[in-house]
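Presented below is the structure to which this report refers.
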Amino acid sequence: MRLKRTVTCGQLTTANINQEVILNGWIATSRDHGGVIFLDLRDRYGKTQVTFNPDQTPELAVEAKRLGMEDVIAVRGMVRARPDGNINSTMPTGEIELIVSELEVLNEAQPLPFLVSDRESGSEDLRLEYRYLELRTEELQKIMAMRSKTYESTRRRLSAEGFMEFETPVLMKSTPEGARDYLVPSRIHKGRFYALPQSPQTYKQLLMIAGFDKYFQIVKCFRDEDLRADRQPEFTQIDIEMSFVDQDDVIGLATRIARGIFKDILDYELPETFPTMSYKNAMETYGSDKPDIRFEMELIEFARYAEKTDFAVFKDNLAAGGRVKALVLKKAADKYSRKVTDDLTAWLKTYYGLKGLAFVKLEQSDFSAGISKFFPDDLQKKIVSDLGLEHNDIVFFVSDTGPRTLQSLGALRLELAKRENLIPKDIISPLFVLDFPLLDWDEDSQRYIAMHHPFTSPNPEDIELMESDPGKVRARAYDLVINGYEVAGGSIRIHTREMQSRMFELIGMDEAEAQARFGFLLKAFKYGAPPHGGIAFGFDRLIMLLAGTENIRDVIAFPKTTSAASLMDEAPSWVDEHQLKELHIKLLD
């Protein structure tokens, strides 16, 4: 390479006029104006217009004319001011151009499978197959730069708080609890397996026991679970742990880190303290433990009205211990025909197992459509008055088990808000959700499981309930929710062997199983474990919020599909029989 760049394609301004420079990059656009060839040369720093004038360099103009999109070239030339009529105010380099005196073609590109200038010119599967080309698009270049800047902001701010950065093992002991582990067979230890970490949970607790009171790492985690738009089989966390702290200390640190990142990346000022809400209030008010509080539309307790209706579904469900909740959508009843409400019902049945969705509309001050005939006139007037209902409002009702009622209405709340454009786009609303249940009842296994993980400390006020009424025990756990996304989650940890053993017993893990899975941690607790707690930010979800995208694949350089496949390098792939034999593995038909 004889023409090595001296400046980048986003660097030149009028201050560089009459300087000779060398640019290297990709051809983004090509224009032929009467034999004068204009190329926009691009690198990750920006674009510069380079000009080939046939009156000055006729051979170069001919060569430039045959160049194609995404060819990689190097050019030497003189920086000149653009003529007044040709200034491009949308480009940082739009006031200058480079008059080319020398050209070197570094690599020619074949015809592209889609346009780098337009992501939508290719399907998502095609773009994932050629991800290295999609990463050239302006949108993803900006997101990857934002991701890099967020790494830097995180490290700088945690270092300023006195944290030490660690690395923990990627090959670890399998301790399945919750999502499935990704397993790695051992060649040396026949029949044994490592696991890829779902999180560095036990290692960071051991670092606390080792006396490193402020730990962090930006770490890859792996979970073999069903995927969604905001999930990947491998994802990144900002993992944080501290000793000799309580819940308020961790929340305070998480607030400072979040405020700093949003200020550094978006120049957005989050409040000095974030509002808090209990898990119970979040579920009852918004039908979600990660509520989007940028808009209202709260869930309404409807049992006291439902029991006075003539609607048997309400009455029978209440008698069986179920719930009836309502949701009011203002000034939009005319948009919700029977077909639309049937489609919403089918969606809720499919994804949430809901039995049915009922509704009434307000025609002037009277109920109409839906199940309106089951409401006596005096009850209608009472509901209209109490709920402040108006003409063209529509009220949706769900009557089912408690959890299904809340979750279904919570999902419906978000869906209606998106349809009616009720969610402000320029607001960032953080919230800490507190007082999660320590345990969750699992119907399949007919036992309690840890809602977060089995190392979460119970609320000291509820310890006496651990044997008598485990389902009512609150955890010292907390989630940071921003705009309806769980951005971070953590807890104060159990730090004594006795309490950890009690927790294992509650989730049906006997002493032998506890020793087999976590004996190393229980042993460590015997040697002076300090009180400790921490929090982990979902780094990819955080970047989604900063970038304003709803697809996690947009913020990861080389993501997987929703079936956990990489279309670019065809992973997972078959391996040959010799490799399997070395690992003592035989595939079954």
Margin query: I need the minimum non-hydrogen distance between M499 and I463, along with the two atoms involved.
Written below: CE-CD1, 3.9 Å

Check: Do other residues, nucleotides or ligands put more than 12 heavy atoms under 6.0 Å from the NZ atom of K142?
Finding: no

Checklist line | Residues that H495 engages under ring pair (Phe, Tyr, Trp, His ring centres under 6.0 Å), provided they are two or more places apart | finding: none

Item checked: Pairwise distance CD1(I265) to CG(L546) - rounded to 0.5 angstrom -> 6.5 Å

Notebook entry, point to check: Quick one: does Y478's side chain have a donor or acceptor within less than 3.5 Å of a partner on S491's backbone?
Noted result: yes

Next item on the list: Please confirm whether the backbone N or O of P454 pairs with a side-chain atom of Q500, one donor and one acceptor, at under 3.5 Å?
Entry: yes

Checklist line | Rounded distance [0.5 Å steps], NZ in K331 versus CG in D334 | finding: 10.5 Å

Notebook entry, point to check: Does K472 NZ have over 12 foreign heavy atoms under 6.0 Å away?
Noted result: no

Checklist line | Polar side-chain atom of N317 near backbone of R323 as donor-acceptor pair, under 3.5 Å | finding: yes

Margin query: Can you confirm if the aromatic rings of F397 and F302 lie within a centre distance of less than 6.0 Å?
Written below: yes

Margin query: Is any side-chain heavy atom of K382 closer than 4.5 Å to one of D378?
Written below: no

Notebook entry, point to check: Of the non-hydrogen atoms in P376 and D310, which two are nearest, and what is the gap between them?
Noted result: CG-OD2, 4.2 Å

Margin query: How close do A557 and L135 get, counting heavy atoms only, and between which atoms?
Written below: O-CD1, 3.7 Å

Checklist line | Derivation of the side-chain contact (heavy atoms from CB on, under 4.5 Å) call for R223 and R231 | finding: CA-CA 10 Å; R223 291 179 188 171; R231 281 186 181 173; over 6 Å; no

Next item on the list: Could you tell me whether D343 and K339 make a salt bridge, using a distance below 4.0 angstrom between a side-chain N and a carboxylate O?
Entry: yes

Check: Taking atom CG of L329 and atom CD of E415, what is their separation to the nearest 0.5 Å?
Finding: 11.5 Å

Checklist line | Derivation of the side-chain hydrogen bond (donor to acceptor under 3.5 Å, both in side chains) call for Q198 and D181 | finding: CA-CA 7 Å; Q198 296 188 31; D181 286 332; 2.6 Å; yes

Check: Taking the six-membered ring for Trp, are F367 and F375 parallel (under 30°), tilted (30 to 60°) or perpendicular (over 60°)?
Finding: perpendicular

Next item on the list: Under the side-chain contact (heavy atoms from CB on, under 4.5 Å) rule, what do L299 and L327 come out as? Steps first, then yes or no, please.
Entry: CA-CA 5 Å; L299 278 56; L327 194 65; 3.9 Å; yes

Check: Given the side-chain rings of F314 and Y305, with only the six-membered ring counted for Trp, is the space between their centroids under 6.0 Å?
Finding: no

Notebook entry, point to check: Is there side-chain contact between P403 and Q407, with heavy atoms separated by less than 4.5 Å?
Noted result: yes

Note to self: Tell me whether the NZ or CZ atom of R474 lies within the 45° cone about the ring axis of Y279 and under 6.0 Å from its centre.
What the structure shows: no

Item checked: Residue that, paired with H532, satisfies side-chain contact (heavy atoms from CB on, under 4.5 Å) out of K204, M242, Q205 -> Q205

Check: Between E152 and R156, does at least one N-O distance fall below 4.0 Å, as a salt bridge requires?
Finding: yes

Note to self: I need the minimum non-hydrogen distance between L362 and E390, along with the two atoms involved.
What the structure shows: CB-O, 3.2 Å

Note to self: Just to verify, which of R119, R127, R147, R541 counts as forming a salt bridge (Lys or Arg N to Asp or Glu O under 4.0 Å) with D554?
What the structure shows: R119

Next item on the list: Write out all pairs satisfying salt bridge (charged side-chain N to carboxylate O under 4.0 Å, His left out) with one or both partners inside residues 352-365, taking only residues at least two apart or from two chains.
Entry: none

Note to self: Can a donor-acceptor pair be found, under 3.5 Å and without considering hydrogens, that links the side chain of K214 to the backbone of E161?
What the structure shows: yes

Next item on the list: Kindly write out the residues that satisfy side-chain contact (heavy atoms from CB on, under 4.5 Å) with E298, not counting sequence neighbours, or none if the list is empty.
Entry: T285, Y286

Checklist line | Main-chain N/O of T236 paired to D540 side chain as donor or acceptor, under 3.5 Å | finding: yes

Checklist line | Sidechain N-carboxylate O distance under 4.0 Å for E225, R180 | finding: no

Check: Are Q237 and Q217 close enough that some pair of their side-chain heavy atoms sits under 4.5 Å apart?
Finding: no

Please report, to 0.1 Å, the donor-acceptor pairs under 3.5 Å made by any side chain of residues 424-444, with sequence neighbours excluded.
unit_1, atom_1, unit_2, atom_2, d
D442, OD2, S445, N, 2.9
D442, OD2, S445, OG, 2.5
E443, OE1, Q446, NE2, 3.1

Notebook entry, point to check: Just by modelled atom types, is the E284 backbone N or O under 3.5 Å from a matching donor or acceptor in the K325 side chain?
Noted result: yes

Check: Around E296, counting heavy atoms of other residues, nucleotides and ligands shown, do more than 12 lie under 6.0 Å from its CD?
Finding: no

Note to self: Which heavy atom of I556 sits nearest to which heavy atom of R131, and what is that distance?
What the structure shows: O-NH2, 2.6 Å

Note to self: Can you tell me if K315 has over 12 outside heavy atoms packed within less than 6.0 Å of its NZ?
What the structure shows: yes

Margin query: Using a 3.5 Å distance criterion without hydrogens, assess whether the side chain of D246 forms a donor-acceptor pair with backbone atoms of D249.
Written below: yes

Check: Going from CD1 on I143 to CE on M544, what distance comes out if it is rounded to the nearest 0.5 angstrom?
Finding: 10.0 Å

Next item on the list: Give a yes or no on whether K330 atom NZ has more than 12 heavy-atom contacts from other residues, nucleotides or ligands under 6.0 Å away.
Entry: yes

Note to self: Test your reading of the model: is there a side-chain donor-acceptor pair from S153 to the backbone of K149, 3.5 Å cut-off?
What the structure shows: no

Check: With no hydrogens and no angle check, is any side-chain donor or acceptor of T549 less than 3.5 Å from a backbone partner on L545?
Finding: no

Check: Is the closest basic N to carboxylate O distance between R502 and E498 below 4.0 Å?
Finding: no

Margin query: Keeping T154 on the side-chain end and T150 on the backbone end, is there a donor-acceptor pair under 3.5 Å?
Written below: yes

Item checked: Residue pair I261 / R157: nearest heavy atoms and the distance that separates them -> N-NE, 4.2 Å

Notebook entry, point to check: R553 versus T561: any side-chain heavy-atom pair under 4.5 Å?
Noted result: no

Margin query: I want to check something: taking the side chain as every heavy atom from C-beta on, are D386 and R304 in contact at a cut-off of under 4.5 Å?
Written below: yes

Checklist line | Stepwise side-chain contact (heavy atoms from CB on, under 4.5 Å) check, F504 with F518 | finding: CA-CA 10 Å; F504 286 153; F518 303 108; 3.4 Å; yes

Checklist line | Pairing residues for Y352 by the ring pair (Phe, Tyr, Trp, His ring centres under 6.0 Å) criterion, not counting sequence neighbours | finding: none

Margin query: Please determine whether the number of non-hydrogen atoms from other residues, nucleotides or ligands lying under 6.0 Å from atom OH of Y268 exceeds 12.
Written below: yes

Check: Considering residues, nucleotides and ligands other than E467, do more than 12 of their heavy atoms fall under 6.0 Å from its CD?
Finding: yes

Checklist line | Steps toward side-chain contact (heavy atoms from CB on, under 4.5 Å) verdict (I251, F274) | finding: CA-CA 9 Å; I251 287 174; F274 299 168; over 6 Å; no

Item checked: Partner residues of F222 under the ring pair (Phe, Tyr, Trp, His ring centres under 6.0 Å) criterion, sequence neighbours left out -> none

Item checked: Value rounded to 0.5 Å, distance of OG in S408 from CG in L344 -> 12.0 Å

Checklist line | Point-to-point distance, once rounded to the nearest 0.5 Å, from OG1 of T202 to CZ of R517 | finding: 13.0 Å

